[in-house]
*Asks:* 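Let me begin by handing over the structure; questions about it come next.
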There are 2 protein chains.
Amino acid sequence: MVSTRAYRGVPADERRELRRSALIETVLDCLRDDGLGGVSVRSVCARSRLTPRYFYENFDDLDQLLVAAVDSVVDEVASASLAAMAAAGDETATQVRAAIDAGYGVVVTDPRKANALLVAAAGHGPLRERRHRVVTDYADLIIDNLPALNALGLSERRRARATALFLMGGSAEVIEAALSGRLRMSRARLVDHLTTMWLGALGAGLGGTG
Amino acid sequence: MVSTRAYRGVPADERRELRRSALIETVLDCLRDDGLGGVSVRSVCARSRLTPRYFYENFDDLDQLLVAAVDSVVDEVASASLAAMAAAGDETATQVRAAIDAGYGVVVTDPRKANALLVAAAGHGPLRERRHRVVTDYADLIIDNLPALNALGLSERRRARATALFLMGGSAEVIEAALSGRLRMSRARLVDHLTTMWLGALGAGLGGTG
DNA sequence: CGAAATTGACAACGACTGTTATCACACTAT
DNA sequence: ATAGTGTGATAACAGTCGTTGTCAATTTCG
């Protein structure tokens, strides 16, 4: 039943991975053009020039494909932000700006990813739960990598988590507005503004009501 | 064709309004229980014990019903916040806290409304555009009603708008996390924290890079 | 070459969709 | 009481959905 030998030069598992990638890539297009409602097994298959058999070869469910697509975008954004943050200096302000700029760079280069991450992931059930988990994990990850935050106690850390959630949601809203054209700002100004928001909220959330 | 005379004591236009309200009320239930995908003309009609005829009597389209439902929630939250802000004192901090508390009070009383506003409205096309417009209008409205902000110049006002978008998105994320149980916080602590975030971001956004 | 595997196109199934129309029954008005 | 209106249940239409299966053509391997 399962493919084992090569076909047209490429081995079986590589072919399989190629089709899987094609499906993930295609679902981003479907999401951009027709929204969440335009995503179906048939539409994704037709657009990727694959047949339903290869869909079910890689995913049990349509939600599984959507989750995989969102996950791939999340991984890309997170790794870009973390790498930039690590490459930045020791100052918190510089690190925050580098992380925001890198993350924004990913989605501004390929708006489909921003669409999948900020729009589609918010509305659909299983995808929303995934988004919740990702946002929480990402928030914790930010806290851990921010010298000003990772030395907090437990109760303070809970408040820091709320702060991180706030920063994530606020950034998403601003970035979505910028990418959709509703908010006209240069990339530098946008990143500066977001950095200011982050530092302001962080400073207020720690020193203000400490 | 159109109803004119009374039936079982209630006049025609009142009956019509009653059915319209029932449909809006029902779509909030459908959104809570089955998400956006569980909303269809048939499901809403079955659940509200009405027939498709009365759906098309009040709405041309399924999206029109969704937009109407979201609008009704938006109006409720906005009016509650504005009323509380007007009833608060002159201090900006007090006003902000009152507005946040009032808005949160609406959605914590009826989580269906938070779900419709923060979740469903984010994913669906026509509903998302509506949400964009609402968030922008609401942001401007906040700026106008905040003494610390409504005296800004034009270029500063554009940055204020980005700030308002940030505050809206961040608050939505935190409120959604709190209502879903992922973030455990008392109402007072939550409102305090959000207020701190707002004041911090506002202070940083104005004084910081002014 | 011939057998086995891989591929692509397409049909079939029941279920659901939006939308319109039809039917008998409840109520109102004259 | 009788004619006309409002109501509710239900059927019908074509279309799409997820899912599984079939069949001929292409490619690989013994």
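Letters go in sequence order (proteins before strands), and every chain restarts at 1.
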*Asks:* Tell me the interatomic distance from A/Asp63, atom CG, to D/dG18, atom P, rounded to whole angstroms.
*Replies:* 10 Å

*Asks:* For a 4.5 angstrom cut-off between non-hydrogen side-chain atoms, does A/Glu173 reach B/Leu167?
*Replies:* no

*Asks:* Is any side-chain heavy atom of B/Leu36 closer than 4.5 Å to one of B/Leu66?
*Replies:* yes

*Asks:* Just jot down the side-chain hydrogen bond (donor to acceptor under 3.5 Å, both in side chains) partners of B/Ser43, sequence neighbours excluded, or say none.
*Replies:* B/Ser40

*Asks:* What is the distance, to the nearest angstrom, from the CD atom on A/Glu57 to the C1' atom on D/dG18?
*Replies:* 18 Å

*Asks:* Using a 4.0 Å heavy-atom cut-off to protein, can you give one letter per nucleotide of nucleotides 16-30 of chain C, 5' to 3': B if the base is in contact, S if only the sugar-phosphate is, - if neither?
*Replies:* -BBBB-----BSBS-

*Asks:* Would one find a side-chain N or O of B/Arg16 under 4.0 angstrom from OP1 or OP2 of D/dG6?
*Replies:* no

*Asks:* Reckon A/Thr4 has a side-chain N or O less than 4.0 Å from the OP1 or OP2 of C/dT6?
*Replies:* yes

*Asks:* I need the CG-C1' distance between A/Asp34 and D/dT16, as an integer number of Å.
*Replies:* 14 Å

*Asks:* Quickly work out the A/Arg49 CZ to C/dC10 C1' distance and round it to whole Å.
*Replies:* 17 Å

*Asks:* Without decimals, in angstroms, what is the distance between A/Leu50 CG and C/dT7 C1'?
*Replies:* 11 Å

*Asks:* Starting at atom CG of A/Leu65, determine the distance to atom P of D/dG18, rounded to an integer number of angstrom.
*Replies:* 11 Å

*Asks:* Between atom CD in A/Gln64 and atom P in D/dG18, what is the gap in whole Å?
*Replies:* 15 Å

*Asks:* Does the side chain of B/Arg112 reach to within under 4.5 Å of the side chain of B/Val73, using non-hydrogen atoms?
*Replies:* no

